[in-house]
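One structure is given here, and the rest of the page talks about it.
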There are 2 protein chains.
Amino acid sequence: MSEATEKRVRSRRLSGGGVKMVDVARLAGTSTQTVSRVLSRPELVADDTRKLVEQAIRELNYIPNSAARLLASSVSHIVAVIIPSLSATVYAQEVHHIVRVLEEHSFSVVIGHSDYSELREERLVQSFLERRPDGFILTGTQHTDLTRQLLRNSGVPVVETFDGDNAAMDMSVGFSNLEAGRKVAELFLSRGLTRIAYVGGRSDQDFRSNARFEGLQSRLAEAGLAPVARIELTLPMPAGDGVRGLDQVLAIDPLTQAIFFSADTLAISALLECNRRGMRVPEQLAICGFGNYDFADAIVPALTTVAVPFEQIGVLAANAILARLDGSVQGPSQTVVPLQLLRRGSA
Amino acid sequence: MSEATEKRVRSRRLSGGGVKMVDVARLAGTSTQTVSRVLSRPELVADDTRKLVEQAIRELNYIPNSAARLLASSVSHIVAVIIPSLSATVYAQEVHHIVRVLEEHSFSVVIGHSDYSELREERLVQSFLERRPDGFILTGTQHTDLTRQLLRNSGVPVVETFDGDNAAMDMSVGFSNLEAGRKVAELFLSRGLTRIAYVGGRSDQDFRSNARFEGLQSRLAEAGLAPVARIELTLPMPAGDGVRGLDQVLAIDPLTQAIFFSADTLAISALLECNRRGMRVPEQLAICGFGNYDFADAIVPALTTVAVPFEQIGVLAANAILARLDGSVQGPSQTVVPLQLLRRGSA
DNA sequence: TTGTAAGCGTTATCAC
DNA sequence: GTGATAACGCTTACAA
């Protein structure tokens, strides 16, 4: 921000409003301390005094300055949330519920996107730490060393989400991507399918998709099989990429019998494309998605997919932070939420 | 937060880390003022001094305290964003781009949900003002009097989004919902359809949907027609509500020829349901959506809809705040982004 | 139950 | 180009 800007902003602030605690105290005929108490621990103040103060607050339209409060008390009432992208409904859903829960407890949420990059995440962590948040909610367990170090040094509670397979720095709320892959393999195998492909994010970007692939692969290996193809799409993946994935799979093995897509958006667009091309699903090609998004159940055939309780993850993550802050829980914790394979028409 | 909590948090902070500017200054052999300058206006510091300070910062892992900065400078580098819900992709998209743009300028975004309630929005504004944000981005132009008063008094730049029809408090970036309704009416009329229905949000919740309905209605009136039905669904509207809307319309008028849905999610689920029921779209029932979401183009028939540049709205809103802050723009402003009727298969 | 005094960590101001 | 000192608005600790 330019020099001129700072001046402008400052003068704006100084002229406008600018009611502070002393002003309230003066009007109420008390000390600032009493005003402070009315705000944070009203039960310690005599009823009459309290009413006077409350009246003065209303009259002056007093709004406390949280920066001053933080400086004096070292509690920010801020939780920092870093997700790969708000454009993916998965994360948007999660954040929705994080915000909802935290709002109720008068915490503010500051949000940032890593764009699927550990380095960008590191910069965000660094920048968010300047606000002295009372908690961090990150996505996944893959972080730079500096990110870990910064967070550890800060002593802030950290929740890592969406990854129940790997060890967390502090607390974690996630699900087993590995298990998801195995479940899907199991399903395909139970239908006697052997030519099975995987379509997901690039392996250097999407570590949780990697785990799903590994799960699929390991289960297939147990049956003496190997995936016929693995397609890696660059993130973020717009829905239309499902068709690209489909085409790439078919280019590698035109006789592919089943595809596991790492996201329902991809699976849905691929399935609709199959319909358009007259490829019969699931007879000719079985399709399984991941996430159980909107419309998974509305298309024909309905999409077989793995349901993930994204909202629950958001709620649990927020609660994990809150529990640590109010002391009801002390150490590290690892929460794994269950996945559910929804067998519908497409596989 | 409980008394015990405050103590615990405080002690954690005091023990862990706690490197401050004086520590850096001491190590670098300068004053805090010089450290401060290195951080905000490096060009004012001699190269040698600067390097010493930068070295000390790295060595100590110093992280500035933005609360102290705000207190001293009255610039928070925070923008508060309030949307109805992050569960709706529309707003998630918008926020995604707001965050992206503001991050680049080292602003943090704090986010809140109004849940389509003006009263909740008011509480959020009140609570966010405690953080002394440098800007506010709100959704729509419908707010309580107190909300307006608080924002006006604070002197903070405010951008209202998504509503280009009504007067804004300060700045606005939106589109004409009225025009959207008229466009869709025009389309239906051009196809000779006369029995036209509308499905949208409850009129006391979704004011922008109201405007779309009014646009539709006014254009129909010019042709001597009136809508055969208007369905009001309670927000938030899950995709499946599209089917409910469809059924309600058909219950009122089984001969309805066309439906304008206030969101693509509704339109898509209704269209897929028509397919399932063997109702031919558009011959038997024409369907038009709003928003041009994912999959609008992937289903069969492809959804005719109104494309809204949600991302662009986010970018423009963020830029409007930035422009005001750096003084390049002074007064109120009203930006209206264009809508585009995408005529595809469904109408 | 209430008040007084001393910080919290930074930046603005002015002097050098 | 650099430093000393006084804010910034609130809470904590202690005293009354």
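Per chain, numbering begins at 1; letters A, B, ... match sequence-line order. All values below come from the heavy atoms of this structure, side chains included, with hydrogens, waters and symmetry mates left out.
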List every contact pair, protein side and nucleotides 14-16 of chain D side both N or O, where the distance is under 3.5 Å.
none

Q: Using side-chain contact (heavy atoms from CB on, under 4.5 Å) as the criterion, list what pairs up with B/Q142, not counting sequence neighbours.
A: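 With sequence neighbours excluded, B/Q142 shows a side-chain contact (heavy atoms from CB on, under 4.5 Å) to B/E118, B/F207, given in chain and number order.
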
Q.
Test of understanding: with side-chain contact (heavy atoms from CB on, under 4.5 Å), list the residues that count as partners of B/N166, not counting sequence neighbours.
A.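 Result, side-chain contact (heavy atoms from CB on, under 4.5 Å) vs B/N166: B/T141, B/D163.
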
Q | Between CD on residue A/E59 and CG on residue A/D23, distance to nearest 0.5 Å | A |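 So the gap between those two atoms works out to 12.5 Å.
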
(Q) Let me confirm one number: the OG1-CE distance from B/T32 to B/M21, rounded to the nearest 0.5 Å. (A)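 Between B/T32 OG1 and B/M21 CE, I get 7.0 Å after rounding to 0.5 Å.
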
Which whole-number value in Å describes the distance from [X] [atom1] to [N] [atom2]?
{"X": "A/I57", "N": "D/dC10", "atom1": "CD1", "atom2": "P", "result": "10 Å"}
{"X": "B/R132", "N": "C/dT10", "atom1": "CZ", "atom2": "P", "result": "20 Å"}
{"X": "B/R131", "N": "D/dG9", "atom1": "CZ", "atom2": "P", "result": "17 Å"}
{"X": "A/E43", "N": "C/dT1", "atom1": "CD", "atom2": "P", "result": "10 Å"}
{"X": "A/N65", "N": "C/dT11", "atom1": "CG", "atom2": "P", "result": "15 Å"}
{"X": "A/I63", "N": "D/dG9", "atom1": "CD1", "atom2": "P", "result": "14 Å"}
{"X": "A/R69", "N": "D/dC10", "atom1": "CZ", "atom2": "P", "result": "8 Å"}
{"X": "A/L70", "N": "C/dG7", "atom1": "CG", "atom2": "P", "result": "19 Å"}

Q. If you fit an axis to the five pairs at each end of the helix from C/dT1-D/dA16 to C/dC16-D/dG1, how big is the angle between those two axes, to 10 degrees?
A.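 It works out to 30° between the end axes.
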
Q) Would you call B/M171 and B/Q334 a side-chain contact if the rule is heavy atoms closer than 4.5 Å? A)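 In short, these two side chains do not touch, never coming nearer than 4.5 Å.
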
Q. How are the rings of A/H77 and A/F107 set relative to one another: parallel (under 30°), tilted (30 to 60°) or perpendicular (over 60°)?
A.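 Aromatic pair A/H77/A/F107 classed parallel.
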
Q: Please state whether the rings of B/Y116 and B/Y91 are parallel, tilted or perpendicular, taking 30° and 60° as the class boundaries.
A: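 Taking B/Y91 first and then B/Y116, their aromatic rings stand perpendicular (interplane angle over 60°).
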
Q: Apply side chain to side chain contact (heavy atoms under 4.5 Å, CB included) to the pair A/V156 and A/D134, showing each step before the final yes or no.
A: CA-CA 6 Å; A/V156 187; A/D134 296 328; 5.8 Å; no

Q: Check the pair B/E160 / B/M169 against side chain to side chain contact (heavy atoms under 4.5 Å, CB included), numbers first and verdict last.
A: CA-CA 8 Å; B/E160 291 166 276; B/M169 312 177 42; 3.2 Å; yes

**Q.** Salt-bridge criterion met for B/R324 and B/D170 (N-O under 4.0 Å)
**A.**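 Salt bridge: yes.
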
Q.
From C-beta outward on B/V45, which listed nucleotide comes closest to its side chain: C/dT10, D/dT11, D/dT2?
A.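 Nearest nucleotide to the side chain: D/dT2.
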
Q: For B/A68 and for B/A46, find the nucleotide of DNA chain D with the closest heavy atom, then tell me which residue's nucleotide is more 5'.
A: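 The 5'-side residue here is B/A46.
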
Q) Got a sec, which residues hit salt bridge (Lys or Arg N to Asp or Glu O under 4.0 Å) with B/D47, two or more places apart in sequence or on another chain? A)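 Counting only residues at least two positions away or on another chain, B/D47 forms a salt bridge (Lys or Arg N to Asp or Glu O under 4.0 Å) with B/R50.
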
Q | Contact residues, residues 20-36 of chain A to DNA chain C [heavy atom, < 4.0 Å] | A |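 When residues 20-36 of chain A is checked for heavy atoms under 4.0 Å from DNA chain C, the hits, listed by number, are A/T30, A/S31, A/Q33, A/T34.
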
